[in-house]
Structures are given as C-alpha cells and as structure tokens.
Amino acid sequence: MNDKYVSPLSERYASKEMQYIFSPDMKFKTWRKLWIALAESEMELGLNITQEQIDELKANADNINYEDAKEREKLVRHDVMSHVYAYGLQCPKAKGIIHLGATSCYVGDNTDIIVMTEGLKLVRKKLINVINELAKFADKYKAQPTLAFTHFQPAQPTTVGKRATLWLMELKLDLDDLDYILDNMMLLGSKGTTGTQASFLELFEGDHAKIKELEKKIAEKMGYQKCFPVSGQTYSRKMDTRVLNILAGIAASAHKFSNDIRLLQHLKEIEEPFEKNQIGSSAMAYKRNPMRSERIASLANYVIVTALNPAITSSTQWFERTLDDSANKRLSVPESFLAIDGILDLYLNVVDGLVVYDKVITKRLMSELPFMATENIMMDAVKAGGDRQEMHEKIRELSMEAGANVKQKGLDNNLLELIANDDAFNMSYEDLQKTMDPTKYVGRSPEQVDEFLKEEIQPILDANKDILGLSATINV
C-alpha cells in the first residue's frame, strides 16, 4: 500500500458510504440491473425472451465474476463487452440476449446518472443534518449580542444566532438548487449508437410505440420518471455541469462559513472543536489552530475549481459523441462528490462542537458600543434642548479623540467620560451608562432568527425528520 499513490479523498476525507457509491462494485452491479431491466422490458414488449432467462439474470445480478471480466478485457480491450461475456458465463441460457440492441453507453451513461443521483441523495442527507445543527445553534444564541462587522470593521451589533442564520440561508439556497436537480434527474434510456434508436427500430420491426414504451419501462424499473427525450450516443454532458455546479455552490457556502469561524477564532469569540490531545502546532504548544475550518476551505476550493471540468467538456463535445469526456469525467465527477462529502462531514462536526466565549464577545462589544450609541446619545441631547447640528459636530470631535486614545495611546475607550465632561450635552456619566445596554442595538435580530427558523427551516426539518440525527466522524 505504501509504494503507490492513494487518493487522500478516500484515505482522509470521504465517508465509506460515498466511496461505495463511486466504487467499481456499485458500477458493475448497476450495469447488471440495467441489463435485466432492458431484457425484461423487451420480453414484456414481445421479443423472444423467456422468463427463465430473466430469472437466470436476476439470480446472478450481484454475484459478479470479476476475474473472468478482467481476463476477457485483456483480450478484447473493451470493458462493457468483457462484462457482457462474464455475465454470459454465469447465465448460459440468457447469454444471447444480454445487452440486446444496446450500445455501451446504455450501461455506462445510465449508470453514471444513477450513481450521481445516489451521490446527490447522500449529499442532501448530510446537508440537511448540517442545517439542523446550525438551526439549533442559531436558536440557542439568537439573543446573544455581538459586534457585527462590515469590511471586518466594527459595525452595528447583531446577535450570534442572527449571524448563524446567514450561514443557514446560503445552505437553504443550496438545498433548493439540489432538490431541483434531483427532481429533474433522468436516464439516458435506450438510444443506440447515435441516439436514433435505429437498432431498436429493427428489433421491434418498425413499431415506434413499443420503442417509446421500452424507455418508459426501463426508467420505471430503475426508479426514474423519465429518460432524456433526445440525445446523441450519450446524455448531454451539460447534466454533469449542472450536478457539479450544485456541489460547487455547497462548497462556496461552506467556505464562507469556515472563513467566519477562522476569523472568530482569531478574535477568541468562537472556536471550532479541539480534542484533548490535539496538537495545534509542532513548535508553539499553546496554539489552537482552526484546522478543520481550514480543511473545509481547502477542499471547497478544489470542488469549486473542479466544476469547470464538466463545463469545458460539455462545451467541446463533437456532434453525437466524442470520447474526450471519458478520462476527465472519471476524475472530476467522483472526486467532487468525495470532496463535498468530506466538507459536509467537517461542517457537521464543527457546528456540533462550536465553543462560544460569551464574555469575550461581550467585552469586545462593550469596547465599541459607545461609538455605536452616539446617535442615541445625540437624540437624547437634542430632546434636552441641544442643537442637532452642534451636537453632531461635538460627538464627531469627541469620537475622534476617543478613537485616538484607543489606537495611538492604547487606552480604553473613554468616549462616555468625554461626553459627560462636556457641558453642552448636559448628561451625567450615569445617564450615558443607561444607553450601554447591547440589546438596544441589535434591532430585530432575535425576532428575525425566530421567524426564519419557523417559516423557512422548520418545514424542511419536519419534512426530513427521518434522516436527521446524523453524526460525523472525521479521520484526521
């Protein structure tokens, strides 16, 4: 094992479930299911195929003789025909009707669609579990005031929970997109070598209605509503583009979350989980690096960039098909799924173990709050008889002085003392302290969290309660 390259996606990041979906075993078992669906549908539509042959195919559907297929492929250099041959060895009665009328893309492309569909289902399950954990976090901290940032500069306060709804909103948009694509996944069907179904027209002696029914039956047997209405030899590679764009969207949302957590960890306000024996740095023993969030960002970059591959591939296909999609597709599609799988496991793990340091959050907020409160202070001064324009200028000057004390002299923010000592305001320090309640400055943050969770998130969780409760284990 140590003398050849092994993908870190399988060794370090992706789950066993996702790895199986893109495994050879999943692929070749799906090929056999498709051959059974084809033969059974052809029999039902009147071709000379017996139930005994179908039963033989079904009896050997999962019992794949891989060695026979490998030996045959060395000889004929064709993976599909090698597996047709190997299946035929196990099913001597059905040997002659396996793959009847089909081209290689019947099993290859239909399987690709099925595998991507199963991959999306697992992504969806994990995405909804992340949404569930984030919703709990948002609800728990919906009223915890915190300093908000625009341009990473102190801005009007928000709450910890309200900030979490920003992460949730993006994931909700991703789920909407994912559900749309899942609802519109369709098989290639049985289209033949250039998509004209000429071989099937020959088999069914020119009966167009039976050929349409054949595709309908195959789709139903494989659990799909429809097939591509038209295609060349392959389904449009635009489908791969659409699927990987969904993954790239999730990756972008996860990246934004990981950025915020890393910045908050720098501020010592919120930390990702840190194991008892975890080492943050080989040199600096005190360090607690946000390694999981950094890994999310790193894998997210990979997924976002990899989404370009199917876009380029689909744009450069020639006429009814070329094979320059094959090698690229074998890499870009599985690896994007394995990477997003790792991202969602990390996301779930981080959210489930977030540590909130409320005293640090409050301390930072209170150090900036006098600046935030200046508008309220100014209004109170005007109510007490002051001139609005004069009060505005005085507060501006005093704010600049307090800011200089903080930045240039390293002192605490003394804006309130400066205002209390200015006779123009006619306000005591005690009066000014009454304006220092952070909850006065968070607007509708708690209410927005409640409304968002109730109206947008809870219906999703209620509709998917059977898949909740997932916990993520990470390898490193």
Side-chain angles (χ1 to χ4, degrees), residues 135-169 260 263-264 267-270 354 356-407 411-455:
K136 293 177 189 176
F137 181 85
D139 185 57
K140 182 177 180 179
Y141 294 101
K142 63 187 174 187
Q144 170 72 57
T146 188
L147 189 64
F149 296 97
T150 59
H151 317 276
F152 204 24
Q153 302 302 308
Q156 192 176 67
T158 183
T159 67
V160 173
K162 171 63 198 303
R163 178 176 283 147
T165 64
L166 304 185
W167 305 325
L168 264 173
M169 185 67 234
D260 287 353
L263 292 169
L264 289 167
L267 296 173
K268 297 181 174 62
E269 292 189 4
I270 294 178
L354 282 177
V356 176
Y357 295 110
D358 56 310
K359 290 182 172 58
V360 177
I361 290 170
T362 300
K363 182 179 179 181
R364 176 166 288 106
L365 176 57
M366 296 308 293
S367 71
E368 298 286 348
L369 198 60
F371 295 124
M372 313 295 166
T374 52
E375 185 174 359
N376 288 28
I377 293 170
M378 183 173 63
M379 291 301 101
D380 289 342
V382 170
K383 289 176 186 176
D387 179 276
R388 196 267 179 202
Q389 311 313 324
E390 291 179 9
M391 293 298 101
H392 183 278
E393 179 57 23
K394 281 189 172 291
I395 279 186
R396 189 189 70 81
E397 291 173 357
L398 295 176
S399 296
M400 297 291 284
E401 183 180 343
N405 288 334
V406 171
K407 294 177 183 178
L411 302 175
D412 291 336
N413 186 343
N414 67 334
L415 179 59
L416 297 186
E417 289 92 335
L418 293 174
I419 293 173
N421 292 331
D422 192 313
D423 294 337
F425 287 91
N426 194 28
M427 298 176 75
S428 69
Y429 183 74
E430 289 70 26
D431 291 334
L432 293 168
Q433 279 286 359
K434 293 175 185 177
T435 67
M436 290 295 103
D437 179 1
T439 61
K440 292 181 178 180
Y441 301 95
V442 298
R444 295 189 65 248
S445 291
E447 291 77 15
Q448 284 185 344
V449 174
D450 280 334
E451 291 163 9
F452 177 66
L453 295 181
K454 179 182 177 182
E455 297 168 13

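FYI, side chains are in, hydrogens and waters are out, and symmetry mates aren't considered; it's all heavy atoms of this structure.
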Note to self: Suppose the criterion is salt bridge (Lys or Arg N to Asp or Glu O under 4.0 Å): which pairs have a residue in residues 373-393, not counting sequence neighbours?
What the structure shows: Glu393-Arg396
Checklist line | Side-chain touch Gln448/Thr165, heavy atoms, less than 4.5 angstrom | finding: no
Margin query: Which heavy atom of Met436 sits nearest to which heavy atom of Ala373, and what is that distance?
Written below: CE-CB, 3.4 Å
Notebook entry, point to check: side-chain contact (heavy atoms from CB on, under 4.5 Å) with Thr362: which residues, sequence neighbours excluded?
Noted result: Gln144, Met366
Margin query: Are Val356 and Lys140 packed together at the side-chain level, in the sense that at least one heavy-atom pair is separated by less than 4.5 angstrom?
Written below: no
Item checked: Nearest heavy-atom neighbours spanning Met391 and Ala381 -> SD-CB, 3.7 Å
Checklist line | Contacts of Asp437 that satisfy side-chain hydrogen bond (donor to acceptor under 3.5 Å, both in side chains) - sequence neighbours left out | finding: Thr439
Notebook entry, point to check: Between Pro157 and Leu369, what is the shortest heavy-atom contact and its length?
Noted result: CG-CD1, 4.1 Å
Margin query: With heavy-atom distances below 4.5 Å as the criterion, would you say the side chains of Ile270 and Asp260 are in contact?
Written below: no
Note to self: Which residues pass the ring pair (Phe, Tyr, Trp, His ring centres under 6.0 Å) test with Phe137, not counting sequence neighbours?
What the structure shows: Tyr141
Note to self: Let's go through Thr374 and Leu398 carefully: what are the C-alpha distance in whole Å and the side-chain angles of both, what is the deciding distance for side chain to side chain contact (heavy atoms under 4.5 Å, CB included) to 0.1 Å, and is it a yes or a no?
What the structure shows: CA-CA 10 Å; Thr374 52; Leu398 295 176; over 6 Å; no
Next item on the list: Indicate the atoms forming the closest heavy-atom contact of Ala420 with Ser428, along with that distance.
Entry: CB-C, 4.1 Å
Margin query: Show the nearest heavy-atom pair for residues Met372 and Tyr441, with the distance to one decimal.
Written below: O-CE2, 4.2 Å
Next item on the list: Locate the shortest heavy-atom distance separating Ala138 from Val449; write the atom from each residue and the value.
Entry: O-CG1, 3.7 Å
Checklist line | Non-neighbouring partners of Ala402 that pass side-chain contact (heavy atoms from CB on, under 4.5 Å), sequence neighbours left out | finding: Phe371, Asn413, Asn414, Leu415, Leu418
Which pairs of donor and acceptor atoms, one on a side chain in residues 146-156, lie under 3.5 Å apart (sequence neighbours left out)?
none

Note to self: Can you pull out every salt bridge (Lys or Arg N to Asp or Glu O under 4.0 Å) where at least one residue sits in residues 439-452? Sequence neighbours excluded, please.
What the structure shows: Lys142-Asp450, Arg444-Glu451
Notebook entry, point to check: What pairs meet the salt bridge (Lys or Arg N to Asp or Glu O under 4.0 Å) rule with one or both residues in residues 357-370, with sequence neighbours excluded?
Noted result: Glu269-Arg364
Next item on the list: Sort and list the pairs that fulfil salt bridge (Lys or Arg N to Asp or Glu O under 4.0 Å) and have at least one residue in residues 422-435, not counting sequence neighbours.
Entry: Lys394-Asp422
Margin query: I need the Ile419 CD1 to Thr435 OG1 distance, nearest 0.5 Å.
Written below: 8.0 Å
Check: Distance from Leu365 atom CG to Thr159 atom OG1, nearest 0.5 Å?
Finding: 11.0 Å
